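Reading through the C-alpha cells given below for one structure.
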Amino acid sequence: MIALVLVLALATPEADVKRARDRYEFGAYADAAGAARELLARTPDLPAPIALEAWRLLGLAEYQLGDKPAAREAFIHLLSIDPDQTLDPFLVPPPIVEFFDKVRADAEPELAPLREQKRQLQEQERLAEEARRRLLAEEQVRSGPPSKVVVVEEHVYMLNFLPFGVGQFQNGDTTKGIIIAVAQVVFGAVNLGAIFAHNAIAQDSSRRCSVSTPTNCSNPPIPDSDRELLNNIDIVKYVSAGLFWGTYAYGVVDSLVHYVPRIETEISPGRAAVKLSWDF
C-alpha cells in the first residue's frame, strides 16, 4: 500500500514526460512511444509545454519505429497546439526534420487560422496587461504616495540554537540576551581557567613528591596539599561547565518558545503597528 502511494505521488506529468524523453534518448523508441501515449491518454488536459513535449516525443519515436502515419498524427497534434512549432536540426535527424516540415506544409491551410487566433489571443493578453498597469498607475496618482510602509524582518530558525543569547537578540529580548551572554561568558571563562589551572598544577614536575618524602605525600607523586587543591579545582570545573550548558539549554528553549519566523512592521505617518507572522 505504501509503495503504491509513493508510485502515485511520483507519477506526475513532468516525471512521465521526462521518463519518455530518457527512453527516447537511450534508443528505446517503443518504450518512449508507449510512455508518451500513456501520459497523453491519462491526462488529456496537460499544460501546453508538457503536451507539446509529449506529442513531439511520440512523433519522433513513431518515426524511428517506422510508423510514419502515427508520427504524422502526433506531429499534427503538436502543431494544433503551437502552429509555429519547429524541430531543432541540431538535435533531430535531418530525415525527421524534413518529414515534420512536410507535415506542417501540408497542414498549412488549417494551421493559418490557428496561428491567427493565437496572435489575437496574445494581442488581447497584451492589451489586458497594459490596461491593468494603466489602472494601477491612475490609482496611484489619485491616492497619492503610500500611507504606510511595511518593513518585513525575517528570522532564521537555526539561530535559536546558538549560544550567548543569539536567539534572544533575534527575538528582540535584548535584556535577557545580555544576561544569558554574560552568564555564559563568565561560566565559560571560569571553566577554561579551572582546566588550565588543573593541568598546570598536575603537570608541574617541581611539585612532585615521593615515598621518601617525610610529610605531605601520602599518595605520591602529588602532594596532599596539591591533591586537595586539584579536587577543589575539579569541583569548580564541573560546576562551571554544568552552569554553562544549563544556561545554554535555557537559552535555546526560551528562544524557541518565543520564536517568530517573521515580523511585519507597518510604518505610517502617525503611528507604527507590528504584525507577527508564523509562515513556514
Side-chain angles (χ1 to χ4, degrees), residues 1-137 154 279-280:
M1 182 63 182
I2 296 177
L4 178 60
V5 172
L6 291 175
V7 170
L8 292 176
L10 294 175
T12 62
E14 292 81 0
D16 289 339
V17 79
K18 181 181 183 303
R19 190 178 304 112
R21 186 187 308 112
D22 292 341
R23 291 175 180 176
Y24 176 83
E25 293 176 354
F26 186 72
Y29 302 126
D31 290 345
R37 188 179 294 106
E38 193 276 334
L39 170 62
L40 292 166
R42 186 181 74 243
T43 316
D45 55 346
L46 287 169
I50 297 179
L52 286 171
E53 181 65 3
W55 285 115
R56 185 186 75 87
L57 289 170
L58 180 58
L60 295 175
E62 293 291 6
Y63 185 94
Q64 295 284 16
L65 292 170
D67 192 345
K68 291 186 178 180
R72 175 185 175 84
E73 181 183 359
F75 287 149
I76 288 294
H77 279 88
L78 174 68
L79 292 169
S80 70
I81 301 174
D82 182 7
D84 298 319
Q85 187 73 199
T86 59
L87 297 181
D88 191 342
F90 292 101
L91 301 177
V92 179
I96 303 181
V97 175
E98 293 176 4
F99 178 79
F100 178 83
D101 290 342
K102 185 177 185 306
V103 170
R104 185 175 57 185
D106 293 343
E108 182 59 31
E110 292 77 19
L111 294 178
L114 293 177
R115 189 178 294 109
E116 177 62 21
Q117 182 182 18
K118 179 181 176 183
R119 187 194 65 79
Q120 292 178 0
L121 289 175
Q122 291 175 343
E123 180 65 14
Q124 291 177 2
E125 291 176 357
R126 185 187 67 80
L127 293 175
E129 179 63 19
E130 289 183 356
R132 186 186 71 85
R133 293 182 179 180
R134 186 165 55 251
L135 174 64
L136 295 176
E154 298 283 352
D279 294 339
F280 290 94

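Keep in mind that this is a model prediction, so the values were computed, not measured.
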Open item on the list: Check this for me, if you would: do R126 and E130 make a salt bridge, where the nitrogen-to-carboxylate-oxygen distance has to be below 4.0 angstrom?
Closed with: yes
TODO: Could you pull out the closest heavy-atom pair between L114 and P83, with the gap in Å?
DONE: CB-CG, 3.7 Å
Open item on the list: Show the nearest heavy-atom pair for residues A48 and I81, with the distance to one decimal.
Closed with: CB-CG2, 4.4 Å
- [ ] Determine the minimum heavy-atom distance between Q64 and P93, stating which atoms define it.
- [x] NE2-CG, 4.1 Å
Open item on the list: Taking side chain to side chain contact (heavy atoms under 4.5 Å, CB included) as the definition, give me every residue that meets it alongside E116, ordered by chain and number, with sequence neighbours left out.
Closed with: R119, Q120
Task: Flag side-chain contact, heavy atom, 4.5 Å: L60 against L87 - done: yes
Task: Presence of salt bridge, E53 and K18, under 4.0 angstrom - done: no
Open item on the list: Please report the interatomic distance CG(L79) to CZ(R115), rounded to the nearest 0.5 Å.
Closed with: 8.5 Å
Task: For the student: nearest non-hydrogen atoms of A36 and A20, plus distance - done: N-CB, 4.1 Å
Task: Backbone of A15 reached by a side-chain donor or acceptor of T12 within 3.5 Å - done: yes
Open item on the list: How long is the straight-line distance from CG of D106 back to CG of L111, given to the nearest 0.5 Å?
Closed with: 10.0 Å
- [ ] Hey, could you give me the CG/CG distance between L57 and L39, rounded to the nearest 0.5 Å?
- [x] 10.0 Å
Open item on the list: For the CZ atom of R56 and the CG atom of D88, what is their distance to the nearest 0.5 Å?
Closed with: 9.0 Å
Task: Note: E129-R133 ion pair, threshold 4.0 Å (strictly below) - done: yes
Task: D101/R104 ion pair, N-O < 4.0 Å - done: yes
Open item on the list: Show the nearest heavy-atom pair for residues L46 and T43, with the distance to one decimal.
Closed with: CG-O, 3.1 Å
Task: Carboxylate-amine/guanidinium proximity below 4.0 Å for D82 and K118 - done: yes
- [ ] Compare all side-chain heavy atoms of E62 with those of L65 and state whether any distance is below 4.5 angstrom.
- [x] yes
- [ ] To the nearest 0.5 Å, tell me how far D16 CG sits from L40 CG.
- [x] 10.0 Å
Task: Parallel, tilted or perpendicular, as decided by the 30° and 60° cut-offs, for the rings of W55 and H77 - done: parallel
TODO: Of all the heavy-atom pairs spanning A71 and G59, show the shortest one and how long it is.
DONE: CB-O, 3.4 Å
Task: Criterion ring-ring contact (aromatic ring centres under 6.0 Å, His included) against Y63, the qualifying member of F75, F100, F99 - done: F99
Task: Spatial distance of atom CZ (R37) from atom CG (L58) [nearest 0.5 Å] - done: 5.0 Å
